[in-house]
There are 2 protein chains.
Amino acid sequence: MSITADLIRGHTDAIILAALLQGDSYGYRINRAMVDLTDGRYELKEATLYTAFRRLEEAGYIRSYWGDEATGARRRYYAITLNGKNAYYAMMREWREASGLLEKLMRFGGTDGGDDSTEQI
Amino acid sequence: MSITADLIRGHTDAIILAALLQGDSYGYRINRAMVDLTDGRYELKEATLYTAFRRLEEAGYIRSYWGDEATGARRRYYAITLNGKNAYYAMMREWREASGLLEKLMRFGGTDGGDDSTEQI
DNA sequence: CTGAAATACCTTGACAGGCGAGGTATCTTG
DNA sequence: CAAGATACCTCGCCTGTCAAGGTATTTCAG
């Protein structure tokens with residue numbers, strides 16, 4: 001089944017920026033790409049996605065403009081800015097460090113002293 | 001500098017359970033172990049820690065009891081339960097899957113279709 | 001002896017991100 | 001014509017984090 005929300009929390013921005021690194025895109029399509037890439041195990045919920053777009057635009061990491069397609073529903077396209085790219089690389093560095101730490105912490109919580117009572121039930 | 005909270009968010013429970021897999025321990029010590037293991041780059045804040053203890057105990061993943069040390073401040077020890085161990089293994093499986101997906105999504109957001117406008121500024 | 005720091009616990013209230021539910025409008029297809 | 005896909009958006013709740021504040025005990029420098 002799908003990944004729990006909290007494991008994803010905080011990564012939404014990086015995911016969206018990564019998608020936009022490939023070129024301008026719009027909400028619905030980015031969402032679809034996520035589902036496809038993960039074989040349906042992960043989906044950016046719409047409310048989350050659009051909230052993130054607004055957050056990212058406010059931060060100056062993306063710009064938006066309306067598409068001019070004559071056919072189909074109107075689309076709001078997003079483009080990553082220079083600041084956005086820099087932010088993305090920073091997020092990736094953070095992610096690498098954090099996941100390394102997490103791996104270490106979760107593999108071995110390490111109370112290390114090992115003297116106290118260790119009775120189990 | 002320290003890792004941002006949101007990257008760690010949701011992993012607190014797994015971290016605590018991992019620590020308790022090594023044997024019973026108490027809040028202050030677990031916290032110290034985290035700081036030591038990560039060279040100070042990550043710290044479980046006290047409020048977060050004690051909130052998590054209550055959450056985990058309520059879920060039946062840990063049990064608690066007061067230590068009987070004659071010296072020093074009183075300590076509340078925590079022990080992981082069978083349910084807690086199972087939960088820990090489940091969390092680890094989830095983490096493995098989620099981090100794999102995340103890695104994929106963040107490395108390549110993949111709008112894949114690559115037909116639309118791709119102008120950048 | 002005194003006062004600061006360390007050990008050890010705990011609660012309250014605010015905040016931020018995720019998302020269920022609900023809504024709008026257009027186009028396609030049976 | 002109705003249903004479903006495409007495409008956008010908002011409101012309000014929930015949950016986990018944490019700054020700030022608090023208690024009590026022990027240790028140790030001055």
Side-chain angles (χ1 to χ4, degrees), chain A residues 1-16 24-36 42-59 61-62 64-78 91 98 102 111 113 116, chain B residues 2-17 24-36 42-59 61 64-78 91 98 102 111 113 115-116:
Chain A
M1 222 119 306
S2 70
I3 296 299
T4 72
D6 274 324
L7 293 190
I8 258 65
R9 188 186 174 113
H11 303 290
T12 314
D13 292 1
I15 292 173
I16 292 174
D24 298 10
S25 192
Y26 53 95
Y28 195 82
R29 185 156 75 140
I30 290 179
N31 215 11
R32 281 315 173 89
M34 298 300 124
V35 174
D36 288 351
Y42 175 56
E43 181 193 7
L44 262 173
K45 301 297 156 49
E46 287 199 5
T48 306
L49 185 68
Y50 291 112
T51 307
F53 279 142
R54 252 167 276 120
R55 184 171 57 235
L56 288 168
E57 191 159 22
E58 205 171 328
Y61 295 161
I62 61 177
S64 69
Y65 56 92
W66 286 101
D68 60 351
E69 33 277 322
T71 166
R74 87 243 141 104
R75 297 171 179 166
R76 190 202 280 276
Y77 283 87
Y78 293 94
M91 287 174 191
L102 235 31
T111 16
D116 291 274
Chain B
S2 68
I3 295 298
T4 72
D6 274 326
L7 291 192
I8 258 67
R9 188 184 176 111
H11 303 291
T12 313
D13 292 1
I15 292 173
I16 292 174
L17 292 178
D24 297 10
S25 192
Y26 54 94
Y28 195 82
R29 186 156 75 139
I30 291 179
N31 216 9
R32 282 315 173 88
M34 298 299 124
V35 174
D36 288 352
Y42 175 57
E43 181 193 6
L44 261 174
K45 301 297 157 46
E46 287 199 5
T48 307
L49 186 68
Y50 290 112
T51 306
F53 279 142
R54 253 167 276 119
R55 184 171 57 236
L56 288 168
E57 191 159 23
E58 204 171 329
Y61 295 161
S64 70
Y65 57 93
W66 286 101
D68 59 351
E69 33 277 321
T71 166
R74 87 242 137 103
R75 297 169 178 169
R76 190 202 281 276
Y77 282 88
Y78 294 94
M91 287 173 191
L102 237 31
T111 16
D115 41 31
D116 292 89

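Order of the sequence lines fixes the chain letters, A, B, ..., with proteins taken first and strands second; residue numbering starts at 1 for each chain. Side chains included, hydrogens not; waters and symmetry mates left out as well; all remaining heavy atoms used.
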| query | What integer distance in Å separates B:R29:CZ from C:dA8:P? | reply | 9 Å

| Side chain of A:K45: nearest nucleotide among C:dG18, C:dC19, D:dC9? | C:dC19

| said: Below the 4.0 Å mark, does D:dC8 have OP1 or OP2 next to a side-chain nitrogen or oxygen of A:Y26? | reply: no

| message | Without decimals, in angstroms, what is the distance between B:N31 CG and C:dC9 P? | response | 10 Å

| request: Could you tell me whether the phosphate oxygens of C:dA8, OP1 or OP2, come under 4.0 Å of any side-chain nitrogen or oxygen in B:R75? | output: yes

| field | Residue-phosphate contact under 4.0 Å: B:Y50 side-chain N/O, C:dT11 OP1/OP2 | value | no

| Distance test, side-chain N/O of A:R74 to OP1/OP2 of D:dT6, below 4.0 Å | no

| Atom CG of B:L44 to atom P of C:dC10: distance rounded to whole Å? | 15 Å

| note | Quick note, A:A47 side chain, CB onward, closest among D:dT15, D:dC18, C:dC19 is C:dC19

| CZ of A:R55 versus P of C:dC15: gap in Å, rounded? | 17 Å

| note | In short, A:R76 meets A:S64 closest at the heavy-atom pair NH1-OG, 3.2 Å

| Is the distance between the ring centroids of A:Y26 and A:Y78 under 6.0 Å? | no

| Among D:dC9, C:dG17, C:dA6, the nucleotide that comes nearest once only the side chain of A:E46 is considered | D:dC9

| request: Tell me what B:T12 touches on the nucleic acid: a base, only sugar-phosphate, or nothing, going by heavy atoms under 4.0 Å. | output: sugar-phosphate

| Between B:T51 and B:A47, is there a donor-acceptor pair closer than 3.5 Å when you use the side chain of the first and the backbone of the second? | yes

| request: Would you mind telling me which residue lines up with the more 5' stretch of DNA chain C, B:R76 or A:H11, judged by nearest nucleotide? | output: B:R76

| field | Atom-to-atom span, CD1 of B:I8 to C1' of D:dC18 - whole angstrom | value | 14 Å

| field | Point-to-point distance, once rounded to the nearest 0.5 Å, from CG of A:L102 to CG of B:L7 | value | 9.0 Å

| query | Rounded to whole angstroms, how far apart are OH on B:Y28 and P on D:dA24? | reply | 19 Å

| task | Tell me which nucleotide among C:dT7, C:dA16, D:dC18 gets nearest to the side chain of B:R32. | result | C:dT7

| Length of the line joining A:M91:CE and C:dG17:P, which is rounded to integer Å | 11 Å

| Do any side-chain nitrogens or oxygens of B:R54 fall under 4.0 Å of OP1 or OP2 in C:dT11? | yes

| query | Heavy-atom distance under 4.5 Å between the side chains of B:D24 and B:Y65, does that happen here? | reply | yes

| Between CD1 on residue A:I30 and CZ on residue A:R32, distance to nearest 0.5 Å | 13.5 Å

| message | OP1 or OP2 of C:dC19 versus the side-chain N and O atoms of A:T48: is any pair under 4.0 Å? | response | yes

| request: Please report, rounded to the nearest Å, how far the P atom of C:dA8 is from the CG atom of B:D68. | output: 14 Å

| request: Check if the side chain of A:R9 and the base of C:dA16 share a donor-acceptor pair of N or O atoms closer than 3.5 Å. | output: yes

